[in-house]
Amino acid sequence: MDTIAIKYNDEIVDLQTAAAKGIDGEAIVLDNSDAALEVLRHSTAHLMAQAIKLLYPDAQFFVGPVVKEGFYYDFRVSEEIGEGDLKRIEKQMLALAKKKYVIERYEISKGEAKKKFANDPLKLAVMERIPDERVSIYKQGDFEDLCRGPHLPSVQAIRFFKLTKIAGAYLGGDSSNEMLTRIYGIAFADKASLKAHLEMLAEAEKRDHRKIGAQMKLFAFREEVGAGFPIWLPAGARLRSRLEELLFKAHRKRGYEPVRGPEMLRSDLWKTSGHYQNYGENMYFTHIDDIEFGVKPMNCVGHIKVYEDELHSYRDLPIKYFEYGVVHRHEMTGALHGLFRVREFTQDDAHIFCTTEQIEAQIIEVVDFVDKIMKTFDFDYKMMISTKPEKAVGSDAVWEVSTQALKNAMDSNGLVYAIDEGGGAFYGPKIDIKITDAIGREWQCGTIQLDFNLPERFALEYNGEANDKIQPVMIHRAILGSFERFIGILTEHYAGEFPMFIAPTQVAIVPIAEPHNAYAKELADKLIDMGADSEIFSKNESLNKRIRTAEKGRVPMIIVLGDEEIENKTIAVRDRRNREQYNLSEAEFLTMIQQKINEVNF
RNA sequence: GCUCACAUGGCUCAGAGGUAGAGCACUUCCUUGGUAAGGAAGAGGUCCCGGGUUCAAUUCCCGGUGUGAGCUCCA
């Protein structure tokens, strides 16, 4: 395989630059490694720009970076470009690639560059952001672009790409600026990888929880209800309460106490907590008589009030309160998206009040809790520590101490994590849990946040050994994040094929004819007694039709009951996953269901 | 919040400046069927809301609401 760039001091340097500067390093060949793809995709973005320039001569280009999902280029054109034009641009790109243009690089001073691009305001805008005195220009054929690189040696290697999306994007991501046209694309080193990626995108579309949610009647949104307010349909509510029950037990086992705070609290409390000042724009307020109330966007304040209800001794710590806390947040309309982003949602929220010495053990315990749950659902996950954001309460010193405490807990237990600078919540640093679903997408769910600020603001305390007043540390944590979002993710993860322990309906019972209905009902009752939901398909429809309906409803197990079964007290089981059929005695069947339901506990 | 697009029975969608259709679902009847769609009949829509243009608007225009894609934001 040909070398396309080198690695020098951990940086990717293209061959053009390496030759100009006379440096050498480890070879990067054209494969699907991160480094190779970065170069390839960057050059593909340029090739796209070259093609666009040919097709739309008045196009002016802004920036065309490589991003996680491929690359894009922002540009300005007078003509309307639509989804249908992407094919045309792709064709032009392939034609250009066939010409095997060598990609040349040269440097000029910024002054010269400004002259060169004098009638290209977008390029001038790009230069405004570059601090360097000298800038590099890349040239392929008669197309030139201001660019930092790195690039391929030639456009020839660009073959397996696809333009995926066209959209508007604000210049510089600032909505007060003009909107440019943005085309997204993806490129790979070989055909199979491109194909696999495109199949993944198609699969993701098929798994869209909004679609499956409607098919399986899990939840719905209605215009008259309002944007961002989901309504839970019976099947969805069953699934959700299964999750809630499992999680309830898991919390109790770990020493958490269920508590409940009010939906809205007086604004004074939100001023004390800092939410009023830092989060107020996302909160809903109302008045009762003359007093202003804020609908809770988080559950911490309620839990703090529970904590304050009695005096605490160091002997009581850690104290762990949990609540399926319903919160309301004013999200921007454009951000709303199925169950993933709503305005009312329920967090599996908990707050741990502990001593400084207990922090590490508590963090580890929570991380272990997360591990257990995510493994149960077959999610891989990564952890990330987020540090102080721009808008924050509390002194730098406190932030430093608490951030360090998180790192220590992770380090001393050999846990791997990444750092997200400035990504913390306004009241403390956090560990985010990012899970990877069945088709490789990452989602942010759980979060563990360390908080020295709220205990300070509310002057929380406990009695120490010497009968002195000590301020506890507060750990906020959610594992699923929110039921809404998590169920949305689960739906896409399983493509609606929920495992038995979480499925809205565990068993579909199909009696062959009228006389078999009584046995069906008898079985359904036995199932309920052991905590399994079933649905009897006894409508006046053909047997085939009812089996088909059950299948389409994604019920994990279908049983058919007729004369034979009643006579022998057996069950004809049809496993939806592999469409296999087999017979069991009633006792065997019930034991099997019992096992499948009980095999999970966090 | 911004840009663009879309909005027709419960669902998926056709359709035209002269007040509407299909399939699925639903109801009733026939059929009592052994593992992915049996048959017949029927009911159901202020064509998202408000304003404007027009003799006439669900259809064209404006505003709102909702949905989608993207920016931004995030559980």
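A note on names: the letters A, B, ... follow the listed sequences, proteins ahead of strands, and every chain is numbered from 1. Worth saying up front: this structure is predicted, and the values here are computed from it rather than measured.
- Phosphate contact (OP1/OP2 of B/C71, side-chain N/O of A/Y184, threshold under 4.0 Å): present.
- Among the protein residues, A/Q444 comes within range of the sugar-phosphate backbone only, with heavy atoms under 4.0 Å from sugar or phosphate atoms but none that close to a base.
- Look at A/H337 and you'll find a side-chain N or O under 4.0 angstrom from OP1 or OP2 of B/A69.
- Within the nucleic acid shown, A/V510 has no heavy atom closer than 4.0 Å to any nucleic acid atom.
- Contact between the side-chain N/O atoms of A/T447 and the OP1/OP2 oxygens of B/A75 is not found at any separation under 4.0 Å.
- Here A/F340 does not lie in a stacked arrangement on the base of B/A75, lacking the combination of planes under 30° and ring centres under 5.5 Å apart.
- Atom-to-atom, NZ of A/K211 to C1' of B/G68 comes out at 14 Å; the value is rounded to the nearest Å.
- Distance alone, capped at 3.5 Å, places no donor-acceptor pair between the A/Y184 side chain and the A/G70 backbone.
- Counting to the nearest Å, the C1' atom of B/C4 and the CD1 atom of A/I183 are 15 Å from each other.
- Ion pairing between A/E442 and A/K382 holds under the 4.0 Å rule for side-chain N and carboxylate O.
- Residue contacts shown for A/R222 are absent, as no nucleic acid heavy atom lies under 4.0 Å away.
- The residue A/A227 sits close only to the backbone: its heavy atoms come under 4.0 Å of sugar-phosphate atoms, none of a base.
- In this structure, the side chain to side chain contact (heavy atoms under 4.5 Å, CB included) partners of A/A438, at least two apart in sequence or on a different chain, are A/R207, A/H493.
- Residue A/K217 is out of contact with every strand shown, counting any heavy-atom pair closer than 4.0 Å.
- No engagement by A/E224 is indicated, since no non-hydrogen atom pair under 4.0 Å with the nucleic acid exists.
- With sequence neighbours excluded, no residue satisfies side chain to side chain donor-acceptor pair (under 3.5 Å) with A/E199.
- Between the side chain of A/R329 and the base of B/C74 there is no donor-acceptor pair of N/O atoms closer than 3.5 Å.
- When the nucleotides B/G33, B/A75, B/G1 are ranked by their closest atom to the side chain of A/R546, B/G33 comes out on top.
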| query | Can you give one letter per nucleotide of nucleotides 35-40 of chain B, going 5' to 3': B for a protein heavy atom under 4.0 Å from the base, S for sugar-phosphate only, - for none? | reply | BBBB--
| Which dot-bracket notation, 5' to 3', represents the base pairing of RNA chain B when pairs are defined as Watson-Crick or G-U with both distances under 3.5 Å, crossing pairs as [ ], and inter-strand pairs as |? | ((((((((.[[[[.)..(..]]]].(((((.......))))).....[[[[[..)....]]]]])))))))....
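- Considering only residues two or more places apart in sequence or on other chains, A/K206 meets the side chain to side chain contact (heavy atoms under 4.5 Å, CB included) condition with A/E203.
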At a cut-off of 3.5 Å, list every protein nitrogen or oxygen paired with a nitrogen or oxygen from nucleotides 46-51 of chain B, distance to 0.1 Å.
residue : atom : partner : partner atom : Å
B/C48   : O2   : A/E223  : OE2          : 3.4

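- When distances are taken from the side chain of A/E514 to each of B/C2, B/A25, B/U32, the shortest belongs to B/U32.
- Within the 4.0 angstrom heavy-atom criterion, only backbone atoms of the sugar-phosphate kind lie near A/R210; the bases stay farther away.
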